[in-house]
Each structure stands twice: as structure tokens, then as C-alpha cells.
**Student:** 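Pasting in a structure now, in C-alpha cells, and then I'll have a few things to ask.
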Number of protein chains: 2
Amino acid sequence: MATMQDVARLAGVSLSTVSYALSGHRTVSAATRERIVSAMEELGYQPNAMARGLASRRSRVLALVYPAAERGLGGTVAEFVSAAAEAAREKGHHLVLWPFRTDQADEVRDLVLQGMADGVLVMEVTLDDPRVTTLRDAGVPFTMIGRTRDVAGLPSVDVDFERTTREAVDHLVGLGHRHLAFVNHSEATAAEGYAPTFRAEEGFAAAVRAHGLEPVVRRVDESPQAGREAAAELLDRSPRPTAVVTMNEIATFGVVAELQQRGIGVPDEMSVLAIVTSPGVADMSNPPLTTMHSPGADLGRLAVATLLSQVAGDPPPAAATLIPCTLEPGRSVGPAPGAPPAPAGAEPHP
Amino acid sequence: MATMQDVARLAGVSLSTVSYALSGHRTVSAATRERIVSAMEELGYQPNAMARGLASRRSRVLALVYPAAERGLGGTVAEFVSAAAEAAREKGHHLVLWPFRTDQADEVRDLVLQGMADGVLVMEVTLDDPRVTTLRDAGVPFTMIGRTRDVAGLPSVDVDFERTTREAVDHLVGLGHRHLAFVNHSEATAAEGYAPTFRAEEGFAAAVRAHGLEPVVRRVDESPQAGREAAAELLDRSPRPTAVVTMNEIATFGVVAELQQRGIGVPDEMSVLAIVTSPGVADMSNPPLTTMHSPGADLGRLAVATLLSQVAGDPPPAAATLIPCTLEPGRSVGPAPGAPPAPAGAEPHP
DNA sequence: GCGCTTCGACGAAGCGCTTCGACAATGACC
DNA sequence: GGTCATTGTCGAAGCGCTTCGTCGAAGCGC
């Protein structure tokens, strides 16, 4: 590989001038820069990442810590990852994935202290996350995707569950629904302190009550079978719900399957609105689901921007940045049975 | 951060002695080593990855190139990734994930030339993969997971589709089945040159014919709906298949759903054997599926070992290493209707 | 006791880059 | 026309580590 010295020689300038031309940290005349650039091209020069990292004490690498082994990488996360990787690249950084379990916080810290990365994006943050303490105490720049119980001054980005559930509920109530149920993630996720389970549940209940209605909430295992059972149980309730909001993709399939098997028309007799979904799930069902799509890409870009400002030494932002899911119409949501069809573009709020 | 110089000073030895104690590239007396080790602990020393990489021209990083944006990271891949990450760590390396699309071969190459990684694991290799040519021409050490059309002397590990399908077929034939169908991945994957679609299909057909039977093969979109349609079509065939082998997880759910909806008993009237599955899918169906589980973890370990030997400069292995899937009994496979129940532990081969 | 090898440790020369201080050359200003 | 910034470039000092050549001190056989 050609070195910077080779480039300098070929361009007839000094080594440092090449470096400044590359980094822009000092001005270089247009003519000189041009000679340098063409020398680089001629030599196929690639800057040595290690040398650069050593001299600048910056690896230009951002690490995304994700427990891939435990969860796999679903569609939402994939969207997040690719948006984050692209955003990082635009800023001259690289995004690497560190598949560490939640309890391997020390290894993450050590890798950063060894200079393998300048900062860390921590995904799947639980309400009480050991990694956050470790990283904070070690002075490692990081940004959370999700929030701990106590958000106090730690940089984070997250889905706006409160607004997402409110919009979901408002939408359904605007269509005349009065009996709404929520199919949440499982009790097991709650036991792990998986924050979305709590935030969405609370948001849903609050939004329903704000309409003077009574929420029905079920925590359901992540399996089609559990979804079927939940649907069966909801159908037996009196009053029977006419709309169900789900935040549990796998169970959602079970819910829809059970409804179909019982001959309950979707959306004529029961509306199904899947929230915080990943791309592509809508079309895995028939009729295609109406969903509220998780803002994975936006979160990815935002998380990288936030982390880079942490790496640069900026003070942490006062509050978490929250982004709601966006409604993507499908054919699983309709007016409540017996309700007048909602006027197009009607304001869903009472 | 403490440097190696600090450690040397505290231990009362020279810098180079510390280095040799750490690397083992030269002998260091036990007493000296012990002083060094305790000095390291006292200072909380972490070797600087950049400096080490610069001096040794080795980053000790292996990159896993995976088009996460396109595919998401399913269960199989997650198993692979975590096994590979662990294997790498055991060898003093780090595994990072580079989420590049298949057409970003140049970026992968450049990153390696910049010294960000010593070698590359290329996942989801297609029959004619542009990345393979680019990496080979650039002299970048790499190992493929999967195989190109032409395996000639390129290091690779892969699922043994031939043996997996043969064992699946033998198992079913041993249970008395005479009419076997295969639900494959979609035509779209075939168009992309996705190798498993071809290898499994060919393996299945050959295995069935080896028993003097006639294979039925369908390429099915990756959706439950497409699975339902495939099942419906298979049921209408004459003779009607009594066993279906599937290699398409999402479609498999549709197949099972359609069978259930039509009241076709699984496995009494129809056996379903899902091959190349990821963990957990068996239990997402009811009854739990009999599966042949993808050897993701073994492949991960093997791929890392192969890549490290490439990085060390060994000649590429003559042939690809293939690992079959392993049969995991569930309750979706049984004797053919009307066939005598297979004796326990019966040899499935005729 | 002599030369011989072996062992353990040291010093110094890089690895390829960033960045600081220095310094001509140029232009602006009164 | 002298002073003072400003601009563009250079040389050199590291960044923290690996590794080569070297060398004193033991250990060996005879």
C-alpha cells in the first residue's frame, strides 16, 4: 500500500501538506490540493486507519452494541442499523456491530478504552440497564436507543410510545370504536425490564381513558399460539372489543388467524392495528395489516448524530429525543360495526 | 489511560519486555512476568488497539459482511454471528459486522486495505457474487459462507444441502411416505442467484428419485399467503402428497395454517418437515414442527477458523467444508397414512 | 577453567499518520 | 516604505506499540 509519504513525494509537497489537504485542518491552495488528489488517485492511496487512529486518538469507529445472539436482528433493527451505518459514513465514520449480551458491559467498556471505537450506541436498553452505569462511570461516550427508568441527562433517542399509542387510539376512536384492546408484549419482556412493554401499555391506557373509555390490556407471549388464545379470550368478553391494537408482531399473526378461523371479519367486525412494526409485516397478513411503522431509520440517523456530538465532547442533551411511529394504512382497520362511516379526513379527536 | 511504558516503569523492566510478556513472542521469566502482570492490574492497563495495529500491521479484527439492510438478521444468522464472535474472541480477535449491500464490494475492500480488518467473512454468497471477485483480486483474505457457482479453491463453509435434503427424504421415506413435495424459497431468490434455492431443490429431487419416486417441487414466495396457496395446490394434486419438506419459514406457517383450516391432520394425514430452520421456529407452530436445524453455530466457528488461517497466509483449503442440518423431532412428522408405523429407531434407508 | 550455547532482558528503530511551531511570501494599511 | 496580519507550506516531534539486533549472565561439556 502506498503511504502518505509516497503521495507527498509524487505531488512534490511535504507529508504534512498532504495530511492537511486530506483533513482540511489547515488551508491548502487549490493548485496544491489538486496535485495531491491526483497523486492519491495515481497511487490508489488508502489512508491507514491504524496510523490515523493512533496519531489522532480517534478511531472514527462507532460501535452499535446489540444482543444479536439473544434477539436476532429483526426488520426494525435492520432499518435502524442501515440508516445509522449510512449516517456514520456521511460523517466519515464507520459503524460496527458488537454482538454483546446485556451483561457484557465490561467488555464493551474495555474495547472502547482500547481505542477500538470512539463511542457506543446501546440498543435495547432496559429500564434498569447495567451497561449504562458501566459506560457512564468509565467516561465512555454513548447514546442509548431507548431509555432507562431514569432519563436524567443521559443522551438517548427513542420511539415516542406515548404519542404513538395516543394516535393509534385517537384514530380508532375517530372511527367510532368504543371498546379497545391492547395486545402487548409478553410478561417475560416485562420481567426483563423491557421498556416498550411498559411505555406502550401506559400510553394506551391513558389515551383510552382520555376518551372516557375503559382499556383492556393483555400481555401475550411472542408466539402465534398465544395470539390466538388472546384473540379467543377477547372475543368472549362482554362488551366485545371492536378494535385491537397490537405491539407484538408474532402474536398479531395468531390474532388474525384466530379471527379468520372463527369467521370474524377483519375489519368489518374487528379492526386490527399493529403498532411499532417493522417493514414488510403488513403484507404478511391477509388482508394487509394497517400498521404504525417504527421510525427505525430516523432513529438511526438521530442516534448517530447524538453520539457524534457526545464524542466531540458536547454536553448531553437535556431531554431524550422521541419519534412517533407513522400510520401506514392497510386493510385491517375500519369503522366500528354499526358506527356511521367516518367522513374522509375527519379529525379523530372528539 | 496507562501506557505500556507506565507498566514497564512500575514493574521495573523495559518496554519491550512488557510487550514480549504480553505477546509471548519471546520468553520472559516467570518472576518478571508476574511483576508485569500485577503492574498491569494495578494500573488498569488496556493495550491500545491502534498502536498495536499500527506496529504489527494487524488490526485483530475480522469483519462479517452481511446485507442486514436487505434481509434483516434472522435467527440462523444470529446464531452464526454469536458463535463466530465467540470463536474470534477466543483467538484474540474481534468480530465486527459491516452491513454492506452486495454491490458495495469496493467499500469492503477499501476498508480492509485501510487496515480496519484483517479479513472478511462474506455471508449470503450468491451463485455469481461480485464481492468474491473484488476481494480475491485485491488479495484480501476472506472466507465465504455459502458457495459461488464455481468453488474452485476459494475458502468457504456452507450448509450441506445435499446431505440435509437426502436425510430429510430418507427419514420420510423410511416412515412410509411415497409422495413427497418440496416447498422451496421463491422464484425471486432464484433470480438473485441465491444458492440454497438451487442446491436444496436439486438435492431434494435427487434424493427422491434415488428411491424411485417422483419429486414435486414448488418455489413459493416468502409469505404465509403464498404458503397457503402452495398447500392448497398440493392438496388438489393426484396423487396427493403425504409429506411436505419446506425450506421457507414464513411460507411454512401458511402451509400449516391452510392444512389446519381444511381440517387436514398434521401429521396424521400430512407430515411437514421444515429444513434449514432457525431456532425457535419449531415452537411457533402448533403442533410444534419437526425441523432440521441449520448448523449456524458450527458454521460460525468453522468460518472463523478458516478465515484466520487465510489471514495467517495458509493456502486455501482444497474443498468447501459442508455441515448438514440436524433433525430435531417435533410433532409434525409421522408415518404415512396407511403405512405400518415405523419401528422405533428404524433405519430410514430402504 | 575454557569456549560454547541458551536464556532473559534491553535499546532503538520504526509503523503511517496528526499536529504544533516556524517561517517565507504576499497583501493591507497608514 | 515600513509594519502587521494572513496564507500556504514545511520540518519535526510524537501517538503507543512490535520487533530486530545485541549483550551480559548463566549453564554446559570436557
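So you know, we letter chains A, B, ... as the sequences are listed, proteins then strands, and number each from 1. No experiment lies behind these values; they were computed from the predicted model shown.
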**Student:** For a quick test of your reading: what N or O donor-acceptor pairs under 3.5 Å do the side chains of residues 300-307 of chain A make, sequence neighbours left out?
**Tutor:**
residue, atom, partner, partner atom, Å
A:Arg301, NH2, A:Asp298, OD1, 2.9
A:Thr306, OG1, A:Leu302, O, 2.8

**Student:** Using a heavy-atom cut-off of under 4.0 Å over every strand shown, decide if B:Ser29 touches base, sugar-phosphate, or nothing.
**Tutor:**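 Sugar-phosphate contact only - B:Ser29 comes under 4.0 Å of backbone atoms but never of a base.
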**Student:** With respect to the phosphate group of C:dG8, does any side-chain polar atom (N or O) of B:Thr27 fall under 4.0 Å of OP1 or OP2?
**Tutor:**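 The answer is yes; a side-chain N or O of B:Thr27 sits under 4.0 Å from OP1 or OP2.
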**Student:** Within a strict 4.5 Å, meaning less than it, do heavy atoms of the A:Phe80 and A:Met123 side chains meet?
**Tutor:**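 Sidechains of A:Met123 and A:Phe80: in contact.
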**Student:** Take the protein atom CZ of B:Arg26 and the nucleotide atom C1' of C:dT6, then report the distance between them rounded to whole Å.
**Tutor:**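 Atom-to-atom, B:Arg26 to C:dT6, this comes out as 13 Å.
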**Student:** With no angle test and no hydrogens, is the base of C:dG11 tied to the side chain of B:Ser14 by a donor-acceptor pair under 3.5 Å?
**Tutor:**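 By the distance-only test, no, there is no pair.
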**Student:** Heavy-atom count around B:Glu86 CD within 6.0 Å, excluding the residue itself: above 12?
**Tutor:**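 At most 12 heavy atoms, drawn from other residues, nucleotides or ligands, come within 6.0 Å of this atom.
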**Student:** Relative to the 5' end of DNA chain C, which residue comes earlier, A:His25 or B:Gly12, by the nucleotide with the nearest heavy atom?
**Tutor:**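 By nearest-heavy-atom nucleotide position, the 5'-most residue is B:Gly12.
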**Student:** May I have the distance from A:Tyr20 (atom OH) to C:dT19 (atom P), rounded to whole angstrom?
**Tutor:**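 Spelled out: OH on A:Tyr20 to P on C:dT19 is 7 Å.
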**Student:** Report yes if some heavy atom in the side chain of B:Arg57 is under 4.5 Å from a heavy atom in the side chain of A:Met1; otherwise report no.
**Tutor:**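 In short, these two side chains do not touch, never coming nearer than 4.5 Å.
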**Student:** So do A:Asp137 and A:Arg109 actually touch side chain to side chain, heavy atoms under 4.5 Å?
**Tutor:**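 No, too far: nothing below the 4.5 Å cut-off.
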**Student:** Please work out if A:Thr3 contacts a base, only the sugar-phosphate, or nothing of the nucleic acid, heavy-atom cut-off 4.0 Å.
**Tutor:**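 Sugar-phosphate: the residue A:Thr3, judged by heavy atoms under 4.0 Å, touches backbone atoms but no base.
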**Student:** Enter the distance from B:Met50:CE to B:Ser59:OG here, rounded to the nearest 0.5 Å.
**Tutor:**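 Going from CE on B:Met50 over to OG on B:Ser59, the span is 8.5 Å.
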**Student:** Which of residues 109-119 of chain A sit near DNA chain C, with a heavy atom under 4.0 Å from it?
**Tutor:**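 Heavy-atom cutoff 4.0 Å gives no residues at all.
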**Student:** State, yes or no, whether a side-chain contact exists between A:Met4 and A:Pro47 at a heavy-atom distance under 4.5 Å.
**Tutor:**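 Side-chain contact under 4.5 Å: no.
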**Student:** Under 6.0 Å from the CD atom of B:Gln46, do we count more than 12 heavy atoms belonging to anything else shown?
**Tutor:**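 Atom CD in B:Gln46 is crowded, with more than 12 foreign heavy atoms closer than 6.0 Å.
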**Student:** Can I get a per-line list of side-chain donor-acceptor pairs under 3.5 Å for residues 5-12 of chain A, giving both atom names and the distance, sequence neighbours left out?
**Tutor:**
residue, atom, partner, partner atom, Å
A:Asp6, OD1, A:Arg9, NH2, 2.9
A:Asp6, OD2, A:Thr3, N, 2.9

**Student:** Give the dot-bracket string for DNA chain D, reading 5' to 3', where a pair is Watson-Crick or G-U wobble with both distances under 3.5 Å, ( ) marks pairs inside the strand, [ ] marks pairs crossing earlier ones, | marks a partner on another strand, and . marks unpaired.
**Tutor:** ||||||||||||||||||||||||||||||
**Student:** Pull out every residue in residues 38-61 of chain B that has a heavy atom closer than 4.0 Å to any atom of DNA chain C, ordered by number, or say none.
**Tutor:**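 Result for residues 38-61 of chain B: B:Leu54, B:Ala55, B:Arg57, sorted by number.
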**Student:** Can you tell me which residue among B:Asp129, B:Thr133, B:Thr134 is in a side chain to side chain donor-acceptor pair (under 3.5 Å) with B:Arg131?
**Tutor:**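 Considering B:Asp129, B:Thr133, B:Thr134, a side chain to side chain donor-acceptor pair (under 3.5 Å) with B:Arg131 is found only for B:Asp129.
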**Student:** With the side chain counted from C-beta on, respond yes when A:Tyr45 and A:Leu22 share a heavy-atom pair under 4.5 Å apart, and no when they do not.
**Tutor:**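 A:Tyr45 vs A:Leu22: side chains touch.
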**Student:** With side chains defined as the heavy atoms from C-beta onward, is the minimum distance between B:Pro130 and B:Asp103 less than 4.5 Å?
**Tutor:**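 B:Pro130 does not reach B:Asp103 side chain to side chain.
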**Student:** I'd like the 5' and 3' limits of the part of DNA chain D contacted by chain A, with heavy-atom contacts below 4.0 Å.
**Tutor:**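 The footprint of chain A covers D:dG8 to D:dG16.
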**Student:** Quick one: are A:Met40 and A:Ile36 in side-chain contact, heavy atoms under 4.5 Å?
**Tutor:**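 They are in contact (side-chain heavy atoms under 4.5 Å apart), so the answer is yes.
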